[in-house]
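Keep in mind that this is a model prediction, so the values were computed, not measured. No hydrogens, no waters, no symmetry mates; every other heavy atom, side chains included, goes into these values.
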Amino acid sequence: MQFESTNILRQAEIAAEEKERKDVESYFLDFTKDIERPIPIIYDPTDPEKLIVTEQNLFCIAGEAKSYKSFLASLLTIDFFTQHPDKRCILIDTEQAEWNVANVAKRICRGMGWDYKETYESQRLRIANLRPYSREERLDAVERIINQEQPYLCIIDGVRGLVESVNDDVQCMELINKLMKWTEIYKC
């Protein structure tokens, strides 16, 4: 009887080891298979092979305060609409005053030659201003907006405003995980 128990235990150990090996194998990428190139959301207009932003990827503009990051984001949005006239974009601002956020929207409309009212009503460009809210409310609002709107391009101007401190590694990783999850789910 002792031998049979030992044998059953050993078989269970072998099965567990085999399962662990199979689980670990699932992490490895079979790069011998053809993998589709990501669909470009924004590419260099002079060379479409040079991808700037693709589906399911995060793209970050980092820089000092007042270094024209929002201006660059508006130019990239104009490129996006030029390359994808039938798609939608959500721009979420967490830091700027209402006038500044509206100015970004109007800059995009002017760059595209669009009427402000018509663009607003068509909802092809949606702008959210989250400055008045707490950090927790901003993060909740971003998640709700992305889940509801499922935009093709989502720009979060002031992503730093979604964490208490950039030195809080746990909070920053949680935010990055959320951002990656949304890009995967919505291919945005």
Side-chain angles (χ1 to χ4, degrees), residues 36-48 50-63 65-163 175-188:
E36 270 188 57
R37 184 175 192 210
I39 296 172
I41 293 178
I42 302 173
Y43 53 85
D44 180 340
T46 63
D47 183 358
K50 291 183 182 172
L51 306 178
I52 297 172
V53 180
T54 64
E55 280 187 357
Q56 296 180 291
N57 279 305
L58 297 175
F59 175 77
C60 180
I61 301 169
K66 304 299 176 203
S67 62
Y68 294 92
K69 297 180 299 292
S70 296
F71 182 77
L72 177 57
S74 63
L75 294 179
L76 290 171
T77 304
I78 292 168
D79 270 353
F80 164 76
F81 280 122
T82 301
Q83 297 165 13
H84 303 282
D86 59 328
K87 299 289 187 186
R88 294 178 57 238
C89 173
I90 303 283
L91 193 148
I92 302 169
D93 194 291
T94 68
E95 299 172 334
Q96 297 187 86
E98 194 172 272
W99 181 89
N100 300 89
V101 178
N103 197 39
V104 170
K106 290 175 180 177
R107 180 185 308 124
I108 294 166
C109 289
R110 283 191 308 272
M112 291 303 299
W114 292 345
D115 176 76
Y116 302 154
K117 186 174 180 165
E118 186 180 301
T119 303
Y120 176 80
E121 289 172 356
S122 74
Q123 296 190 354
R124 74 169 57 156
L125 173 64
R126 305 226 39 213
I127 308 290
N129 181 10
L130 304 182
R131 179 181 179 172
Y133 303 98
S134 71
R135 181 197 65 78
E136 294 86 3
E137 291 169 319
R138 286 191 297 266
L139 183 56
D140 180 61
V142 168
E143 186 162 18
R144 291 176 52 216
I145 288 168
I146 292 171
N147 287 336
Q148 179 177 313
E149 299 293 323
Q150 300 180 16
Y152 195 58
L153 177 63
C154 180
I155 297 173
I156 303 172
D157 192 341
V159 74
R160 193 267 175 250
L162 301 177
V163 294
L175 176 60
I176 290 168
N177 286 336
K178 283 180 182 253
L179 294 169
M180 289 191 302
K181 176 184 166 190
W182 298 328
T183 64
E184 188 70 28
I185 292 171
Y186 302 117
K187 301 195 181 332
C188 65

Donor-acceptor contact present, side-chain Glu98 to main-chain Asn129, <3.5 Å: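 Not confirmed, Glu98 side chain does not pair with Asn129 backbone.
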Whether Arg88 side chain and Gln123 backbone form a donor-acceptor pair below 3.5 Å: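 Yes.
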Going from [atom1] on [X] to [atom2] on [Y], what distance comes out if it is rounded to the nearest 0.5 angstrom?
X	Y	atom1	atom2	result
Ile52	Gln83	CD1	CD	7.5 Å
Glu55	Glu36	CD	CD	9.5 Å
Ile155	Ile108	CD1	CD1	6.5 Å
Thr54	Lys187	OG1	NZ	11.5 Å
Arg124	Cys109	CZ	SG	9.0 Å
Leu175	Ile156	CG	CD1	7.0 Å

Worked check of side-chain hydrogen bond (donor to acceptor under 3.5 Å, both in side chains) between Tyr186 and Asn147: CA-CA 8 Å; Tyr186 302 117; Asn147 287 336; 2.8 Å; yes
Pair Asp115-Tyr120, side-chain donor/acceptor within less than 3.5 Å: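 No, because no side-chain N or O of Asp115 sits under 3.5 Å from a partner of the opposite role on Tyr120.
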Does the side chain of [X] reach to within under 4.5 Å of the side chain of [Y], using non-hydrogen atoms?
X	Y	result
Val53	Asn57	no
Ile127	Val104	no
Arg160	Val163	yes
Ile146	Ile90	no
Val159	Leu179	yes
Phe59	Ile41	no
Ile42	Leu153	yes

Please give me the minimum heavy-atom distance between [X] and [Y], naming the atom from each residue.
X	Y	answer
Pro151	Cys188	O-CB, 3.0 Å
Gln96	Ser70	NE2-OG, 3.2 Å
Thr82	Pro85	O-CD, 4.0 Å
Ala105	Leu125	O-CD2, 4.1 Å
Gly111	Ile78	CA-CD1, 3.7 Å
Ala128	Ile145	CB-CD1, 3.8 Å

Sole candidate of Lys178, Lys181, Arg138 that passes side-chain hydrogen bond (donor to acceptor under 3.5 Å, both in side chains) when paired with Glu143: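 One option only clears the test, and that one is Lys178.
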Tell me whether [X] at atom [atom1] has more than 12 heavy atoms from other residues, nucleotides or ligands lying less than 6.0 Å away.
X	atom1	answer
Glu136	CD	yes
Tyr133	OH	no
Tyr152	OH	yes
Arg37	CZ	yes

side-chain contact (heavy atoms from CB on, under 4.5 Å) assessment of Trp182 paired with Val142: CA-CA 11 Å; Trp182 298 328; Val142 168; 3.8 Å; yes
Aromatic plane relationship, His84 with Phe80 - under 30° parallel, 30 to 60° tilted, over 60° perpendicular: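 Phe80 and His84: tilted rings.
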